[in-house]
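Let me begin by presenting the structure, written as structure tokens, before commenting on it.
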Amino acid sequence: MALAAIVLVPVIGSLAGLLIGSRNARMGVLVLASLLHLALVSGLWVRETPAGLGPIALMDPLGQLVLTVVSAVFLATSIYLVQYRHLTPPRTTRTFLVPLLLLSLAAMSAVCMARHLALLWVSSGGLTLSVAPLVFLQRGRRSLEAAWKYLMLSCVGVAIALLGIFLVAIAANAQPARESAASPLQLDELLLRAHAGRMDVAWLRAGFICMLVGFGTKVGLAPMHTWKPDTYAEAPVPVAALMATALANCALLCVLRGYQVCVAAGEGEFAGRLLLVLGLTSIGVAAAFMAFQTDARRLLAYSGVEHVGVIALGVGIGGRACFGALLHLVGHSLAKLVLFFAVGNVAYAYRTRSILDITGVLRRMPLSGVLLVCGFTATVGFPPFSIFVSELTIVAAAVSARQNLVAVLALALLSLAFIGVIANALAMAHGDDPRGGDAPPERESRLLVVPGYVLLVLLAAIGVHLPSALGDALIRAAAVLGG
Amino acid sequence: MSTLADSLLVLAVFVGLYMLASGDLPAVIRATAVQGAALSLVPLVVEGLDAHAVAIAGVALAIKVFVLPALLFAAVRRAGVVRDIEPLVGYGSSVVLGGLVIAASFVLAAPLKVPGGEMPSLLVPSAFSTVLLGLVLIVTRTKALTQVAGFIVLENGVYIFGVPLIRDVPILVELGILLDAIVAVFIMGIVIHHISRAFDHIDTHVMTALRD
């Protein structure tokens with residue numbers, strides 16, 4: 001029942017949002033539904049594992065971890081949206097915003113608890129489609145172009161992912177089924193057959209490659225990342241923030257489900273190597289584009305490419321690095337949200353997203369300025385924030401797994417990314433206020449900065465001392481991936 | 001029996017090639033319908049006339065032959081475009097490209113034999129061909145609508161790979177997959193509508209404001 005409620009609450013909220021005429025009431029529904037969702041998800045940690053919904057839905061440690069991050073991120077974003085909607089033209093808060101956001105939350109919850117690859121795929125496709133209309137809420141030429149690229153690329157990606165799922169299922173049919181005859185699309189049945197060595201390796205490999213390319217397009221791993229900068233820059237800030245964190249995590253989970261099957265079938269090394277290569281490519285491409293970036297939101301998008309790359313790299317290295325990758329997933333979600341909120345505030349006040357025109361943020365907007373600087377230092381892996389710990393764990397695991405070349409490459413590329421991000425961050429934070437030297441600081445709305453500060457404190461707390469409950473959860477989730 | 005299924009698959013691949021050679025949007029849309037019809041019948045031929053296969057084939061037929069083309073024709077009317085002139089790659093060259101892609105599919109399919117069951121021998125190569133032809137169509141054409149048609153061809157190719165799994169896929173899941181395609185094409189139609197209003201055209205290669 002608990003699992004059904006987690007999907008149903010946002011669905012009901014979405015319907016309510018459609019029926020309610022008043023904008024404020026719709027916002028109330030959004031915040032209420034996301035609060036309730038987080039409460040239900042937190043309940044999963046306290047009580048015993050709830051019963052699954054037949055063979056199609058069940059919580060495993062990995063799904064539960066991602067779902068918790070998704071739920072927390074969604075709540076923070078909806079609180080931010082309450083005030084942010086006053087900053088944008090009324091178009092952006094049209095009737096569909098709240099219902100579609102809640103629909104995407106329902107789809108993400110379904111992705112996290114899916115134990116049937118078809119359900120995983122259908123909810124992941126539904127997720128893409130529920131978010132696509134939000135990208136072009138503003139109807140400008142630029143957002144239309146971004147929406148078209150997003151729609152076309154992710155629909156093609158999702159179709160290729162389905163191909164991958166079919167190929168994996170065909171691989172599992174290599175030997176005639178026993179009398180149980182559970183569907184080979186069911187994750188548990190797949191894992192069972194994989195463990196028993198009843199998978200056809202050629203089909204499995206082809207299937208994983210298709211799943212990696214397809215879902216990887218949604219994750220935004222290079223070289224399938226091209227839609228990401230456009231979409232993150234043109235979509236409304238809260239939507240972009242959700243896409244960069246919650247949606248990317250769900251897509252990653254889909255890739256990891258394929259990886260899980262490969263590990264069970266003894267093909268973990270093959271799949272891991274692919275993840276590793278894509279991960280390093282992503283970090284490299286992002287580092288190259290971040291150094292000369294002039295658009296603050298595109299900078300965030302490339303930083304997103306870098307960090308999903310780090311996660312893929314961690315999973316690819318395997319062992320202890322899996323733990324690091326999952327910790328990185330948590331840390332990156334929090335840090336990226338802080339940055340989107342800060343950049344959203346700053347870009348609104350300066351009426352531009354160009355890094356060249358945004359100067360003196362610390363003086364003009366002290367509250368958002370601190371968020372901006374801390375957010376950027378957190379993303380590049382400065383202590384005390386948890387990204388420092390996770391990146392260190394991944395690199396250390398690479399060294400102890402005797403993958404020295406990988407460790408060196410990763411460190412070099414991460415340093416390049418570091419330089420690109422920090423140079424841009426400092427340029428924005430310092431310098432002269434374009435309004436003139438004596439202008440007083442702007443008044444900043446509390447609701448626009450408080451969510452960011454809460455996330456930042458959380459991020460630092462995890463970095464300084466990993467709570468044992470979270471540590472256990474990460475270890476159990478990493479164990480799912482053979483780490 | 002297997003020959004009939006193979007003929008349907010070959011027909012689907014040839015329709016894909018025809019789409020590469022054509023710049024007439026209504027013809028391209030009708031071609032997706034023909035291809036969809038041919039492929040919807042494959043499960044019936046392979047599995048025989050049992051209830052499950054008939055249900056799946058019926059739903060697929062209705063959606064691929066009527067719903068999706070209707071959505072595309074509606075988009076054509078609203079955008080007022082009927083020809084995809086000025087493709088990035090000429091029609092002749094894209095057919096040659098299509099031929100190469102089909103050859104590549106046979107190479108790709110060589111190590112992959114469908115385990116169990118008696119499947120048409122051309123199933124794997126034709127599925128790969130259709131998927132890749134769809135991709136070629138998306139990449140080489142400039143009109144947003146032709147790209148949507150390419151997406152439908154791609155989906156058709158994926159559908160072929162669903163045939164060996166027909167016993168393992170519940171009808172509800174099949175419906176979900178087809179519904180997803182409908183909603184995708186529907187939303188693409190809406191975006192195309194807004195694009196044609198904002199830009200006075202639906203040429204995706206002119207939309208280049210966003211770049212690094």
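Chain A is the first sequence line, chain B the second, and so forth, proteins listed ahead of strands; every chain is numbered from 1. The figures here come from the full heavy-atom set of this structure, side chains too, leaving out hydrogens, waters and symmetry mates. Bear in mind that the values here come from a model prediction, so they are computed numbers and not experimental data.
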Contact winner vs chain B - A/L185, A/I170, A/V122, heavy-atom pairs under 4.5 Å: A/I170
Structural part of A/R142 lying under 4.5 Å from a heavy atom of chain B: both
Non-hydrogen side-chain atoms of A/I165 and B/F161 separated by less than 4.5 Å: no
Under 4.5 Å from any heavy atom of chain A - which part of B/A144: both
Contacting region of B/I138 [heavy-atom separation from chain A under 4.5 Å]: side chain
Pairwise side-chain contact, B/E155 with A/C155, heavy-atom cut-off 4.5 Å (strictly under): no
Interchain contact, B/L135 with chain A, by part (heavy-atom threshold 4.5 Å): side chain
Within 6.0 angstrom of B/F14 CZ, more than 12 heavy atoms from elsewhere: no
Heavy atoms of other groups near B/F186 CZ, more than 12 under 6.0 Å: no
Interface moiety of B/V124 toward chain A, non-hydrogen atoms closer than 4.5 Å: side chain
Portion of A/Q293 that has a non-hydrogen atom of chain B nearer than 4.5 angstrom: side chain
Closest approach of A/W148 to B/V191 (non-hydrogen atoms, all atoms of both residues): CE3-CG1, 3.9 Å
Over all atoms of both residues, closest heavy-atom pair of B/I187 and A/P133: CD1-CG, 4.2 Å
Student check: side-chain heavy atoms of A/W121 and B/D180 closer than 4.5 Å: yes
Closest non-hydrogen atom pair, B/A198 against A/R141: O-NH2, 2.9 Å
A/F136 vs B/I190, side-chain contact (heavy atoms from CB on, under 4.5 Å): CA-CA, chis, key distance, verdict: CA-CA 11 Å; A/F136 67 106; B/I190 295 176; 4.3 Å; yes
Engaged part of A/A146 at the chain B interface, taking heavy atoms whose separation is under 4.5 Å: both
Considering all heavy atoms, the nearest A/W203-B/K113 contact: NE1-O, 2.9 Å
Any side-chain heavy-atom pair of A/N173 and B/P164 under 4.5 Å: no
Toward chain B, the part of A/Y150 with a non-hydrogen atom under 4.5 Å: neither
Per-residue contact mode, A/L167 against chain B (heavy atom under 4.5 angstrom): side chain
Contact origin within B/L112 toward chain A - heavy atom pairs under 4.5 Å: both
Heavy-atom pair of closest approach, residues A/A159 and B/L154: CB-CD2, 4.0 Å
Atom group of A/L162 that falls short of 4.5 Å from chain B, counting heavy atoms: both
Among the listed options A/A147, A/P184, A/A171, A/G126, the residue most often paired with chain B at heavy-atom distances under 4.5 Å: A/P184
Shortest non-hydrogen contact from B/Q147 toward A/M152: O-CE, 3.2 Å
Point-to-point distance, once rounded to the nearest 0.5 Å, from CE of B/M188 to CG of A/L151: 4.5 Å
A/D200 versus chain B, the contacting section by heavy-atom distance below 4.5 Å: neither
